[in-house]
Amino acid sequence: MAEQERVKEFLVPQELYLSAGVHVGTSIKYKDMMKFVYKIKDNGLAILDLNKVDERLRVLSRALARYGPDEVLAVTGRIYAFRPVKKFGEVTGIRTMIGRVLPGTLTNPSSPSYCEPEVVFLSDPRVDRQIHEEAVKMGIPVFALCDTDTSTAYIDLVVPCNNKGRKSLALVYWILARQVLREREEIGPEEDIGYKWEDFVTQIVGVE
C-alpha cells in the first residue's frame, strides 16, 4: 500500500517515466551514483529508482524557483537536449546557453558571452565540462542531471536520470518547466503549461 501511495504522488504517471526511459541508466556505474540505482540487470545495465528520480526533480524545481530567472544559467552541449533546454527557458524565463560554450564565459569579463549567474544547471556534466569547471573555479553552485556514468564531484545538486535519450530529456525538462512555475506559484499546483511533453522532444532530422 505504501509503495502504491508513493507511485500516485509522482509528478507524472509512472508509466510515462518508464515509456520515456527516464529510469534507464548505463553499464558504467560511478560509486556515488549507486545510491540512486534500483537494480542491475543481467546485462549489467543499471536501472534508476524512479522514486528517487521523482524526489530529486521536486528538490531541483524548488531550488531553481528560489532564484530569479536571470540568476540561473541552464547549459547543454548535448544535441538531444537542445530543444528541451530551449523550451524550458521559454517557459520559465531562465537563461539558456545551447551548443558550444566559449572559454571564459564565467571567468573572463571581456568575453562576449560573459555572464555572472548565481547558479549553473547542466544537462550532462560530462558534455558540459567547460562550463562546469569554470563554475567550480568561480564558486558558483552547480545543479546537474546525472546518469550512472557521471561523476558527482563538484556537483551541488544531483538529479539522477537518463540524460542522453531524446524522450527522457524532453520529459525531464517538461516536468521541470511545469514544476518551477508551480513552485513560483505562477500556475496552480495542478495546472499545466501550454505545451505537451512531446513538444520538448528534439526531432531526429534537424535540431531546432
Side-chain angles (χ1 to χ4, degrees), residues 1-61 74-85 87-88 98-99 121-133 142-179 196-207:
M1 179 62 72
E3 182 65 22
Q4 291 177 349
E5 289 176 354
R6 292 186 72 187
V7 169
K8 289 180 181 177
E9 295 173 358
F10 279 165
L11 291 168
V12 297
Q14 183 181 28
E15 294 74 15
L16 183 51
Y17 274 132
L18 295 173
S19 65
V22 173
H23 64 305
V24 180
T26 74
S27 58
I28 300 173
K29 298 169 282 289
Y30 270 82
K31 181 180 178 180
D32 290 344
M33 289 299 297
M34 287 304 296
K35 61 186 175 183
F36 302 114
V37 172
Y38 172 67
K39 69 176 181 179
I40 306 296
K41 299 183 71 173
D42 292 342
N43 61 3
L45 189 68
I47 301 300
L48 294 164
D49 185 335
L50 282 178
N51 286 300
K52 294 180 179 180
V53 172
D54 191 87
E55 177 186 350
R56 285 301 179 101
L57 286 173
R58 291 176 186 272
V59 172
L60 176 59
S61 298
V75 180
T76 186
R78 183 175 290 284
I79 291 178
Y80 282 167
F82 283 8
R83 182 175 177 83
V85 172
K87 302 300 287 187
F88 172 75
I98 298 169
F121 173 32
L122 309 178
S123 67
D124 186 341
R126 297 174 70 238
V127 175
D128 307 318
R129 183 179 302 173
Q130 173 70 36
I131 201 79
H132 187 189
E133 291 177 352
V142 176
F143 303 161
L145 304 182
C146 298
D147 209 329
T148 59
D149 62 351
T150 308
S151 169
T152 60
Y154 303 107
I155 298 175
D156 299 277
L157 177 52
V158 172
V159 178
C161 68
N162 173 356
N163 63 3
K164 301 172 181 61
R166 289 189 310 126
K167 292 183 178 180
S168 176
L169 284 165
L171 181 58
V172 165
Y173 275 99
W174 178 83
I175 290 172
L176 288 171
R178 185 182 66 172
Q179 199 64 17
K196 298 177 180 179
W197 77 269
E198 293 92 342
D199 296 327
F200 279 55
V201 178
T202 296
Q203 301 305 311
I204 296 178
V205 180
V207 178

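Because only heavy atoms are used, hydrogens play no part in the values below, and waters and symmetry mates are left out as well, while side chains stay in.
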For this session: Go through the structure and list residues passing side-chain hydrogen bond (donor to acceptor under 3.5 Å, both in side chains) with Thr150, not counting sequence neighbours.
Result: none

Exercise. Residues in side-chain hydrogen bond (donor to acceptor under 3.5 Å, both in side chains) with Ser19, at least two apart?
Worked result: none

Seminar exercise, completed: Hits for salt bridge (Lys or Arg N to Asp or Glu O under 4.0 Å) against Asp149, two or more places apart or cross-chain, chain-then-number order -> Arg126, Lys164

Exercise. Hey, are the side chains of Val159 and Leu57 touching, using non-hydrogen atoms and a 4.5 Å cut-off?
Worked result: yes

Exercise. ring-ring contact (aromatic ring centres under 6.0 Å, His included): which pairs involve residues 16-59, sequence neighbours left out?
Worked result: Phe10-Tyr17

Exercise. Can you name the residues that form a salt bridge (Lys or Arg N to Asp or Glu O under 4.0 Å) with Lys29, not counting sequence neighbours?
Worked result: none

Exercise. What pairs of residues pass the salt bridge (charged side-chain N to carboxylate O under 4.0 Å, His left out) test when at least one of them lies in residues 30-46, not counting sequence neighbours?
Worked result: none

For this session: Indicate yes or no: at least one non-hydrogen side-chain atom of Leu50 is less than 4.5 angstrom from one of Leu18.
Result: yes

For this session: Nearest 0.5 Å please: distance from the CD1 atom of Ile40 over to the CD1 atom of Ile47.
Result: 8.0 Å

Problem set entry | Qualifying residues under side-chain hydrogen bond (donor to acceptor under 3.5 Å, both in side chains), relative to Gln179, sequence neighbours excluded | none

Exercise. Taking only residues two or more places apart in sequence or in another chain, which ones pass salt bridge (Lys or Arg N to Asp or Glu O under 4.0 Å) with Arg58?
Worked result: Asp54

Exercise. Going by the salt bridge (charged side-chain N to carboxylate O under 4.0 Å, His left out) test, which pairs reach into residues 16-28, not counting sequence neighbours?
Worked result: none

Under 3.5 Å donor-acceptor pairs involving side-chain atoms of residues 165-176, not counting sequence neighbours:
from   : atom 1 : to     : atom 2 : distance (Å)
Arg166 : NH1    : Thr202 : O      : 2.8
Ser168 : OG     : Asn162 : O      : 2.6
Trp174 : NE1    : Tyr195 : O      : 2.8

Problem set entry | side chain to side chain contact (heavy atoms under 4.5 Å, CB included), paired with Leu157, selected from Val142, Thr152, Leu60 | Leu60

